[in-house]
Amino acid sequence: MLASRLFPSLCARSLLRRSAVSPLTSLNASSRLYSASASGEHDAAEPTFLECVSMYFDKAAKLTGHDQDLLNSIRETDTLVSFTFPLKRDNGSVTTVKAYRAHHSGHRRPTKGGIRYSLLVNEDEVQALAALMTYKCAVVDVPYGGGKGGILIDPKTLSERELESITRSFTTELAKKNFIGPGIDVPAPDMGTGAREMAWIKETYQEFRPDDVNAMAVVTGKPLEHGGIRGRTEATGLGVFYGLRELLHQEAVAKSVGLTPGVEGKRIIVQGFGNVGFYAAKFFHEAGAKVIGIIEYDGFVYHEDGLDIQKLKEHQTQTGSILDFANCQKSVRGAAEGLKALELECDVLIPAALEQQITRHNAHNIKAKIIGEAANGPTTPEADRILADKGVIILPDMFLNAGGVVVSYFEWLKNISHVRFGRLSRRFESRRGDALIAVLEKTLGQELPPRDREVLMRGGTEKDFVYSGLEDTMIEALATIQDIAVRKETDYRTAAYISAIDKVANVLKGRDRVFSA
């Protein structure tokens, strides 16, 4: 039975069959959906999410020159495990919970990828997201294989006790199968999960592996008191900002779409106001851009001069919705109206919600000059083609939303090294700054302004190192993608896939030499 759960070629499921047990999904009445395409009502004319990823892969693979057998090996999911487990609800009833975890590629270990709690979770989605994680890690030079997990629940309908029980049961199943560990597979937060759930996972794993000195590194995105890292919460949104900012500062790129270089004054629309969308909007707002529209599952808000992002988040926290925000010109209710807002005039559109939001149905009407994919898979291949024909620049998901895994990598390094960044260097840097100030003031014959003294004296904190490392990673990865795009005469998405395929292929070729020696 264990082998059948672990190997996709057999792929049998272990199902609990009890007369008093009912599937948890039947008890969940609501799910926050942005469009019909994300609701499980699949448009037969559009490929599935997994098919989309495979189509993008195949397009790029043709430009790499690698052997087809090697390409097939890179594309396919290594391992998929699925299982059910019982949950005793607060009212005393017992139900079953369905869960998945996929390891797409073990070319590097550990594998890495989030765990999402959603009614949209299925095998197709989990495998697609795991594949994207493999390519994403390769694009930004993070030495992981790709993984992904999901549990088929609506977390908003469950109590904290029920969510804790589900999370710990899921971790237990993974640990029993040796499917999780600091050197095996390292989960992280995703849709419907956060630092709290990651702490539960870490604690449960430690119960199974009390002798593992690196057990804290079994999961990332943890609270600070559980070994988390400063800057992880905002990492994905910050990476989106860094990537788009770098692109917007390039004069040739900006002019090619009729914009002036720089971020200031650019009109931004963001779909999704969860963690990623909020922080992306926040950093653009602070940099002088006009975030004119925010779209959520129940509608959108708009102001032509820009929204106050922090106040909007406070309003959302207080009321549970972005709608009826006092400081906006328009507050429009309805999921269909929200989807239509993707077509509003703007310079940069940032889909930060769910997959397959920009499709053949609305791509012709998109008026943005640049699209920054903060969500995974928001654009279908046909929509991608339509937008390319219109001259729209797309920064693809596998690059642009990699900030989360980059900073997760930093957290993992912190956990296995057992020391926080800056602890060994901060005071040394501060003293060196003091010495530099003394030399400068002696040479100039006058004291430096207080602000300059503060900058020179300040040693780098953990957050400083995280921000700096993420910024450098995004800038370097974009440069690589753009270089490939020029050499191969292709778009940024295809160039990113080429970058990823080449890096994974080189590792696999090296491994083959090792085993054949």
Side-chain angles (χ1 to χ4, degrees), residues 8 31 33-34 37-38 40 42 47-57 74-82 98-108 110-140 142 144-153 170 174 179-180 185-194 197-198 219-221 236 239-240 272 274-276 351-357 373-381 396-406 408 493 496-497 500 504:
S31 181
L33 307 174
Y34 286 78
S37 65
H42 180 65
T48 66
F49 187 16
L50 182 58
E51 289 169 343
C52 287
V53 174
S54 295
M55 289 170 70
Y56 288 138
F57 179 96
I74 295 172
R75 185 199 301 109
E76 298 302 320
T77 300
D78 282 354
T79 313
L80 172 68
V81 59
S82 65
K98 185 74 172 178
Y100 304 91
R101 185 72 185 176
H103 294 176
H104 173 260
S105 176
H107 74 288
R108 291 194 186 276
T111 51
K112 188 83 180 72
I115 295 175
R116 58 175 50 185
Y117 293 176
S118 168
L119 291 181
L120 306 179
V121 167
N122 56 54
E123 286 186 10
D124 183 281
E125 181 191 62
V126 169
Q127 291 186 81
L129 291 168
L132 276 178
M133 280 301 300
T134 293
Y135 311 141
K136 187 180 303 184
C137 290
V139 164
V140 294
V142 170
Y144 292 141
K148 205 71 179 185
I151 302 181
L152 189 61
I153 58 173
F170 180 59
L174 294 175
F179 220 66
I180 187 173
D185 182 35
V186 180
D190 201 294
M191 182 192 306
T193 61
E197 287 77 16
M198 300 307 106
V219 67
T220 59
T236 306
V240 170
N275 175 277
V276 178
L354 299 173
E355 60 267 16
Q356 297 186 312
Q357 298 299 295
E373 295 183 338
N376 286 311
T379 310
T380 65
D397 49 1
M398 59 187 295
F399 157 67
L400 195 62
N401 68 23
V405 73
V406 171
S408 279
R493 188 191 308 280
Y497 269 91
V504 176

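Since the model is a prediction, treat every value here as computed from it, not as a measurement.
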Salt bridge (Lys or Arg N to Asp or Glu O under 4.0 Å) filter on R108, not counting sequence neighbours, yields none
Distance col, row F170:CZ vs I115:CD1, nearest 0.5 angstrom, shows 4.5 Å
Those residues at least two apart in sequence (or on a different chain) that pass side chain to side chain donor-acceptor pair (under 3.5 Å) with T193 are none
Check: Does the separation of the ring centres of Y135 and Y56 fall below 6.0 angstrom?
Finding: no
For R75 and S54, the nearest pair of non-hydrogen atoms, with its separation, is CD-OG, 4.0 Å
Distance col, row D78:CG vs Q127:CD, nearest 0.5 angstrom, shows 11.0 Å
Across all chains, not counting sequence neighbours, the side chain to side chain donor-acceptor pair (under 3.5 Å) partners of T380 are E46
Sorted by chain and number, sequence neighbours left out, salt bridge (Lys or Arg N to Asp or Glu O under 4.0 Å) with E197 holds for none
With sequence neighbours left out, the residues meeting side-chain contact (heavy atoms from CB on, under 4.5 Å) with D185 are R101, H103, T111
Contacts of A374 meeting side-chain contact (heavy atoms from CB on, under 4.5 Å) (sequence neighbours excluded), chain-then-number -> V240, V276, I350, A352
A188 meets the side-chain contact (heavy atoms from CB on, under 4.5 Å) criterion, sequence neighbours left out, with K112, T220, R232, S408
- prompt: Got a donor-acceptor contact below 3.5 angstrom from the E373 side chain to the M398 backbone?
  reply: no
For Y144, the ring-ring contact (aromatic ring centres under 6.0 Å, His included) test, sequence neighbours excluded, returns Y409, W412
### Query
Should L132 and F49 be marked as a side chain to side chain contact (heavy atoms under 4.5 Å, CB included) after you check the CA-CA gap, both sets of side-chain angles, and the distance that decides it?
CA-CA 11 Å; L132 276 178; F49 187 16; 3.9 Å; yes
CG (N275) and OG1 (T236) are apart, to the nearest 0.5 Å, by 6.5 Å
Contacts of R116 meeting side chain to side chain donor-acceptor pair (under 3.5 Å) (sequence neighbours excluded), chain-then-number -> E125, D190
Applying side-chain contact (heavy atoms from CB on, under 4.5 Å) to A402 and not counting sequence neighbours gives K136, V140, V405
Problem set entry | Derivation and outcome, side chain to side chain contact (heavy atoms under 4.5 Å, CB included), residues V121 and V126 | CA-CA 7 Å; V121 167; V126 169; 4.2 Å; yes
Separation between CD (E355) and CG (L129), nearest 0.5 Å, reads 6.5 Å
Rounded to the nearest 0.5 angstrom, the OG-CG distance for S82 and N122 is 12.0 Å
Applying side chain to side chain donor-acceptor pair (under 3.5 Å) to T134 and not counting sequence neighbours gives H104
